[in-house]
Structures are given as structure tokens and as C-alpha cells.
Asks: 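Here it is, the structure, as C-alpha cells.
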Amino acid sequence: MLSAFALIDCNNFYASCERVFDPGLRDRPVVILSNNDGCVIARSSEAKEVGIPMGIPEFKVRPLISRHNIAVRSSNYALYGDMSSRVMETIRSVTPDLEVYSIDEAFAGLHGRSKREIMEMGREIRQRVRRWTGLPVSVGIAPTKTLAKIANEMAKSYKQLNGVLYVRKPDQIGRMLRKTEVGDIWGIGKNYTAMLERQGITNALQLSRMPDSWVRSKLKVTGLRTVKELRGESCLTIEESSDQRKGILSSRSFGRPVKKVDEISEAVATFTARAAEKLRAQDSVASQLTVVLVTDKYRNPGQPYKFGHTISLPSPTASTSMLCSRATDLANTLFDEGKTYKKAWVMLTGLIPESSVQADLFMEERYSERDHNLMKSLDQINAKFGNRTCMPASTGISQNWQMKQQYLSQKYTTSWDQLLEVRL
DNA sequence: TCTGGGGTCCTAGGACCC
DNA sequence: TCTGGGGTCCTAGGACCC
């Protein structure tokens with residue numbers, strides 16, 4: 001009986017989603033832009049090949065985009081989110097022991113099966129997802145999650161593997177680790193990579209051979225876990241992902257620079273309403289509220305560009321109106337006439353399940369049953385008739401600060417008016 | 001001109017308590 | 001010279017992930 005984890009990862013997920021519904025994109029390189037059409041956040045393999053880097057601001061690669069006739073799309077999260085749940089359901093039909101790790105990745109536990117069965121399941125996942133959703137995925141399988149991540153990278157890079165790689169034997173793992181740069185290990189980011197390289201540690205095999213005490217002092221407990229996992233000692237398990245967030249953040253960059261306090265206040269109210277909706281979706285109430293106003297960090301490098309404040313709420317709440325009024329008060333206090341703002345955040349923390357809130361009879365502003373029912377109705381109306389059908393006036397009507405989405409594709413799978421039509 | 005939006009976990013240090 | 005010791009809770013900040 002073997003311990004085995006699979007990491008299933010959709011190839012170039014956002015670009016692949018766009019291609020499923022727009023076949024004209026299949027022969028062209030594709031890039032997807034971040035919200036507000038700011039940076040490149042996803043690329044088809046052809047776009048990678050012609051040298052479009054990840055995370056680069058769009059305006060810097062504009063010449064490259066026109067030279068290679070690259071198709072550009074704004075992020076369409078309605079589409080990607082829906083395609084993601086289809087992929088996850090498909091994988092679940094092969095194996096129920098699944099941890100959805102991100103929009104395009106999932107870990108599966110394949111323990112207690114023979115080597116042959118494990119390999120079969122890997123192939124079946126890949127084929128089924130392709131047939132049922134039209135999306136290509138790669139599958140990496142190994143004795144630990146961290147090794148499965150690396151195996152997945154290999155499955156993607158080497159064509160002859162047909163998208164599935166299962167590594168098991170120590171010498172095979174050793175060879176794989178030698179080929180893996182430290183910076184490509186899951187859990188080793190930019191700062192640790194620089195530090196490790198200064199120490200002469202450049203590949204994963206070298207890191208796996210460092211003594212525990214050294215690793216613990218340099219990379220802390222999380223780093224030690226990573227190193228043990230590289231050695232084949234499983235420290236991370238499949239986690240039934242709970243939908244219970246510990247903090248909820250809502251933030252957007254503005255479509256243009258904003259200087260008026262009214263607009264800032266409108267935006268902050270809008271973000272607060274969205275955060276409160278997410279809060280209620282997980283049946284929680286928040287005890288703290290943070291508002292941050294952000295100016296242009298590139299204009300005066302090194303100067304402060306974030307101005308925020310956190311308050312404790314008089315009592316934990318999930319009421320949009322109560323949160324909005326506090327948040328706009330904060331925004332008005334933080335606002336500085338001379339500044340130009342690019343972005344704002346609203347963060348809700350100190351989250352607790354609504355059911356465990358203590359009734360406090362003397363608290364005037366407590367989240368009452370009446371508030372609860374009002375909010376439930378609000379959420380139901382918006383779910384039925386569309387977002388922002390019913391909203392506090394403080395969130396504004398015109399919303400001139402809204403983000404840019406110049407190249408947005410349709411909601412092919414989640415909106416009746418936008419389904420594809422086929423003409424025969 | 002132009003630079004995303006979410007999350008998690010860990011640690012250090014200060015406040016406060018007995 | 002020298003000024004207890006241990007615990008908890010909270011916050012800020014740093015590291016990481018996609």
C-alpha cells in the first residue's frame with residue numbers, strides 16, 4: 001500500500017477557457033489581463049514562447065502584442081469560476097478524496113492502491129477532463145504533495161510523458177530534484193531563493209540534504225516541512241477545504257485616478273457591500289473593519305502610498321448598512337484633499353460564526369434578527385435579479401471610477417443572454 | 001499615460017495579567 | 001552592576017501561494 005498524492009493542474013487555465021468558446025483563438029497566442037486591464041496574468045504557451053513575461057504591465061508589451069498578432073482578453077472570472085467547478089466535479093467522478101487548492105489546481109489522495117491503479121487513475125483524470133470540459137490538464141503523482149507539485153511541472157514540460165508523471169522510487173525522485181531549481185519549489189519564494197543561492201544552494205536535491213536545525217533557523221517551521229516533503233516524508237494531507245475564510249478582502253483599482261472624496265466614499269461603500277455579501281455567504285459576522293486608500297506607488301518610490309485604519313466594531317455584524325456607514329466614515333477621515341488615489345481596500349477580520357454571537361441586550365447597535373432577515377432578503381433579491389439590483393445609495397449610481405475591462409469575453413456558461421448560438 | 005486581487009501561516013514584540 | 005517569571009492576547013509585518 002503506497003502513499004500517493006496527485007496534483008492536477010489545468011494548463012494555461014484562463015487562456016484555455018477562452019479557447020474552448022472561441023475557436024478562433026486556438027491558432028493564435030493569447031494573453032489574459034488582470035482586473036483593470038493592468039498586467040498580463042495568464043498566457044498561452046505560444047505567448048510564452050514569443051517572450052511575454054508573467055505579470056508584466058500590458059503597456060510594456062504592446063509592441064510585442066501587435067507584432068505577433070496576440071489575442072488579448074480581460075479577466076472573465078464568471079467564466080473561469082464556472083469552468084473551474086466543472087473541472088473539479090469531473091475529477092471527483094474519478095476520485096472523491098479531493099482538495100480544491102485554487103481555481104485551476106486540485107490535490108487528490110490516491111493512497112492504498114497499486115502502482116498500476118494509481119497510474120491508471122492519473123490517465124483517466126486527464127482524459128475525462130479533456131472530454132467533458134475541453135480543457136487540458138497535467139497530472140503529477142508522488143509520495144508527498146510537494147513532490148507531486150514538482151512532478152506536475154515535469155509532466156507539463158516533457159511532451160513524451162503525455163501529461164501524466166508518477167514518481168515513486170528514491171533514485172527517480174533524486175534525479176527530478178537535481179533538475180529542479182530551489183526557486184521552483186512550492187513554498188520557496190523570491191526572498192528565500194535569494195538567501196539560499198547566496199549559501200550556494202541552487203537545486204532541490206541540495207536543499208533536501210541540509211540538516212534540520214539549519215533549515216529550521218533559516219526557513220522556519222514551514223520551510224522545514226517543505227524540506228521533509230522533498231525527502232519523501234509526507235507532512236501535508238488532503239484538506240477538505242472549508243469555505244470559512246479567516247478574513248475577507250474586497251479591493252479594486254480604479255479605472256482612472258480619483259481625487260474626489262465623494263467618489264472614494266462611493267467606491268469604499270461598494271467594496272464594503274461586496275465584502276459583507278461574502279461574509280454572509282459563509283454565515284459569519286465581523287468584529288473589525290479596515291479601510292485602506294492607496295495612491296500611486298510607482299510615482300514616488302520609497303514614499304508611503306497606503307493609508308489605512310482598522311476599527312473594532314461596536315458589536316460583530318454582517319449588516320451592509322452598518323458596515324457601509326462605518327467604512328465611509330473611515331474613508332472620509334483618511335481622505336487627503338491633495339492626493340490622487342488609484343485603489344482602495346476594505347477588509348473584514350475577526351470573523352466569527354453568526355450562530356456563536358452572544359446576545360448583548362445593552363448593545364444598541366447589535367446585529368439583530370431583524371437585520372439578519374433584511375440582509376437575507378437583500379441577498380436573495382440580488383441572486384435572483386442580478387448583482388446590485390438592490391444596494392445602499394452610498395454605493396452610487398454612475399460609478400465612474402469602475403475598473404477597465406476593455407477586452408472582456410462573454411459569460412458563455414453563466415448568463416442566458418450570452419450563451420453561444422450555433423447556426424446550422 | 002499605463003503596474004491585480006485575493007488568500008494563508010508564522011514570528012516578534014508590546015500590553016496586560018497574576 | 002544588580003530590579004521576577006511566566007502566561008495570554010493582540011497587532012504588525014514578513015514570508016508564502018495562485
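All values below were derived from every heavy atom in this structure, side-chain atoms included, with hydrogens, water molecules and symmetry-related copies excluded. Chain A is the first sequence line, chain B the second, and so forth, proteins listed ahead of strands; every chain is numbered from 1.
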Asks: Compare the minimum distances between each of C:dA15, B:dG4, C:dC18 and the side chain of A:Tyr192, then state the nucleotide with the smallest one.
Replies: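 Of C:dA15, B:dG4, C:dC18, C:dA15 is nearest to the side chain of A:Tyr192.
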Asks: Closest to the A:Pro57 side chain: B:dT3, B:dG4, B:dC9?
Replies: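 Nearest nucleotide to the side chain: B:dT3.
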Asks: May I ask you to check whether A:Phe107 and A:Trp186 place their ring centers less than 6.0 Å from one another?
Replies: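 Yes, close enough.
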Asks: Without decimals, in angstroms, what is the distance between A:Lys145 NZ and B:dT8 C1'?
Replies: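 Taking NZ of A:Lys145 and C1' of B:dT8, I get 13 Å after rounding.
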Asks: Can you tell me if A:Phe59 is stacked onto the base of B:dT3, using a 5.5 Å centroid cut-off and an angle below 30°?
Replies: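 Aromatic stack with B:dT3 absent for A:Phe59.
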Asks: Could you tell me whether A:Glu337 and A:Lys259 have a side-chain N and a carboxylate O separated by less than 4.0 Å?
Replies: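 No, A:Glu337 and A:Lys259 are not salt-bridged.
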Asks: Assign each of A:Ser250 and A:Gly38 to its nearest nucleotide of DNA chain B by heavy atoms, then name whichever residue's nucleotide is nearer the 5' end.
Replies: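 So the residue in question is A:Gly38.
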Asks: Can you measure from OG1 (A:Thr395) to CZ (A:Arg274) and round to the nearest 0.5 angstrom?
Replies: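 Rounded to the nearest 0.5 Å, the OG1-CZ separation comes to 10.5 Å.
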Asks: Going by atom types only, do A:Asn11 and A:Ser138 share a side-chain donor-acceptor pair under 3.5 Å?
Replies: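 Judged by distance alone, the side chains do pair up.
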Asks: Please work out if A:Ile56 contacts a base, only the sugar-phosphate, or nothing of the nucleic acid, heavy-atom cut-off 4.0 Å.
Replies: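 Nothing, no heavy atom under 4.0 Å.
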Asks: Under 4.0 Å, counting only non-hydrogen atoms across every strand here, what does A:Lys404 touch: a base, just sugar-phosphate, or nothing?
Replies: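 If one applies the 4.0 Å heavy-atom cut-off, A:Lys404 turns out to touch nothing in the nucleic acid.
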Asks: Considering only B:dT3, B:dT11, C:dC17, which nucleotide approaches the side chain of A:Tyr101 most closely?
Replies: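 Ranking B:dT3, B:dT11, C:dC17 by closest atom to the A:Tyr101 side chain puts C:dC17 first.
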Asks: With a cut-off of less than 4.0 Å, is there a side-chain N or O of A:Asn191 near OP1 or OP2 of C:dG14?
Replies: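 The answer is no; no side-chain N or O of A:Asn191 sits under 4.0 Å from OP1 or OP2.
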Asks: Considering every strand and a 4.0 Å limit on heavy-atom distances, what is the contact class for A:Ile185: base, sugar-phosphate, or nothing?
Replies: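 Answer is sugar-phosphate: A:Ile185 comes under 4.0 Å of backbone atoms only.
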Asks: The side chain of A:Ser251 is closest to which nucleotide in this list: B:dT3, B:dG6, C:dA15?
Replies: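 Nearest to the side chain of A:Ser251 among the choices is B:dG6.
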Asks: At under 4.0 Å between heavy atoms, what does A:Ile248 touch on the DNA or RNA strands: base, sugar-phosphate, or nothing?
Replies: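 Sugar-phosphate contact only.
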Asks: Looking only at side-chain N and O atoms, does A:Lys246 come under 4.0 Å of OP1 or OP2 in B:dC10?
Replies: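 No.
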Asks: Nearest nucleotide by nearest heavy atom, which residue falls closer to the 5' end of DNA chain B, A:Met403 or A:Thr222?
Replies: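 On the 5' side of the pair lies A:Met403.
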Asks: How many whole angstroms separate atom CG of A:Asp37 from atom P of B:dG4?
Replies: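 Answer to the nearest Å: 11 Å.
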Asks: Does A:Lys342 place a side-chain N or O at less than 4.0 Å from the phosphate oxygens OP1/OP2 of B:dT3?
Replies: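 It does, given that an N or O in the side chain of A:Lys342 lies less than 4.0 Å from OP1 or OP2 of B:dT3.
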Asks: Can you check the A:Leu279 CG to B:dG7 P distance for me, whole Å?
Replies: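 Going from CG in A:Leu279 over to P in B:dG7 covers 11 Å.
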Asks: Tell me whether the OP1 or OP2 atom of B:dT3 has a side-chain N or O from A:Ser34 closer than 4.0 Å.
Replies: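 No, no such contact exists.
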Asks: Grab the CZ-P distance between A:Arg252 and B:dG4 for me, whole Å please.
Replies: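 Rounded to the whole Å, the gap is 12 Å.
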Asks: Is the phosphate of C:dC16, meaning OP1 or OP2, less than 4.0 Å from a side-chain N or O of A:Lys220?
Replies: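 So the side-chain polar atoms of A:Lys220 never come under 4.0 Å of the phosphate oxygens OP1 or OP2 of C:dC16.
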Asks: In terms of side-chain heavy atoms of A:Val221, which of B:dT8, B:dT3, B:dT11 is nearest?
Replies: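 Closest of the options to the side chain of A:Val221: B:dT11.
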Asks: Just do the side chain to side chain contact (heavy atoms under 4.5 Å, CB included) check on A:Ile70 and A:Val50 with the steps written out, would you?
Replies: CA-CA 10 Å; A:Ile70 298 176; A:Val50 301; 4.0 Å; yes
Asks: How is A:Glu105 classified with respect to the nucleic acid when contacts are heavy atoms under 4.0 Å: base, sugar-phosphate, or nothing?
Replies: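 The residue A:Glu105 makes sugar-phosphate contact but no base contact.
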Asks: Do the side-chain N or O atoms of A:Arg225 get closer than 4.0 angstrom to the phosphate oxygens (OP1, OP2) of B:dC9?
Replies: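 Looking at the OP1 and OP2 atoms of B:dC9, neither is under 4.0 Å from any side-chain N or O of A:Arg225.
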Asks: Find the distance A:Phe307:CZ to C:dA12:C1' and express it as a whole number of Å.
Replies: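 For the pair A:Phe307 CZ and C:dA12 C1', the rounded distance is 18 Å.
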Asks: I want to verify a distance call: between B:dG7, C:dA15, C:dC17, whose nearest atom is closest to the A:Leu249 side chain?
Replies: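 Nucleotide nearest to A:Leu249's side chain: B:dG7.
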Asks: What integer distance in Å separates A:Lys343:NZ from B:dT3:P?
Replies: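 Taking NZ of A:Lys343 and P of B:dT3, I get 10 Å after rounding.
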Asks: Once you round it to whole Å, what is the distance between P of B:dC9 and CH2 of A:Trp186?
Replies: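 From A:Trp186 CH2 to B:dC9 P: 12 Å.
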Asks: Considering every strand and a 4.0 Å limit on heavy-atom distances, what is the contact class for A:Gly223: base, sugar-phosphate, or nothing?
Replies: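 Nothing, no nucleic acid heavy atom in range.
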Asks: Counting side-chain heavy atoms from CB outward, which of B:dT11, B:dG4, B:dT8 is closest to A:Arg216?
Replies: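 The closest nucleotide is B:dT11.
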Asks: If we call it a pair only when both distances are under 3.5 Å in a Watson-Crick or G-U wobble match, what pairs with C:dC16?
Replies: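 Result: B:dG7.
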Asks: So, is A:Lys190 near the phosphate of C:dG14, with a side-chain N or O under 4.0 Å from OP1 or OP2?
Replies: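 Checking A:Lys190 against C:dG14: no side-chain N or O falls below 4.0 Å of OP1 or OP2.
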Asks: Give a yes or no on whether the ring-centroid distance for A:Phe335 and A:Tyr341 is below 6.0 angstrom.
Replies: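 Under 6.0 Å, so yes.
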Asks: Strictly by modelled atom types, are A:Arg252 and A:Asn36 linked by a side-chain donor-acceptor pair under 3.5 Å?
Replies: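 Result is no, nothing qualifies.
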Asks: Using atom CD of A:Gln244 as one end and atom P of B:dG6 as the other, report the distance to the nearest whole Å.
Replies: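 Roughly 19 Å, once rounded to whole Å.
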Asks: A:Lys278 side chain: which of B:dG5, B:dG7, C:dC18 is closest?
Replies: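 Shortest atom-to-atom distance from the side chain points to B:dG7.
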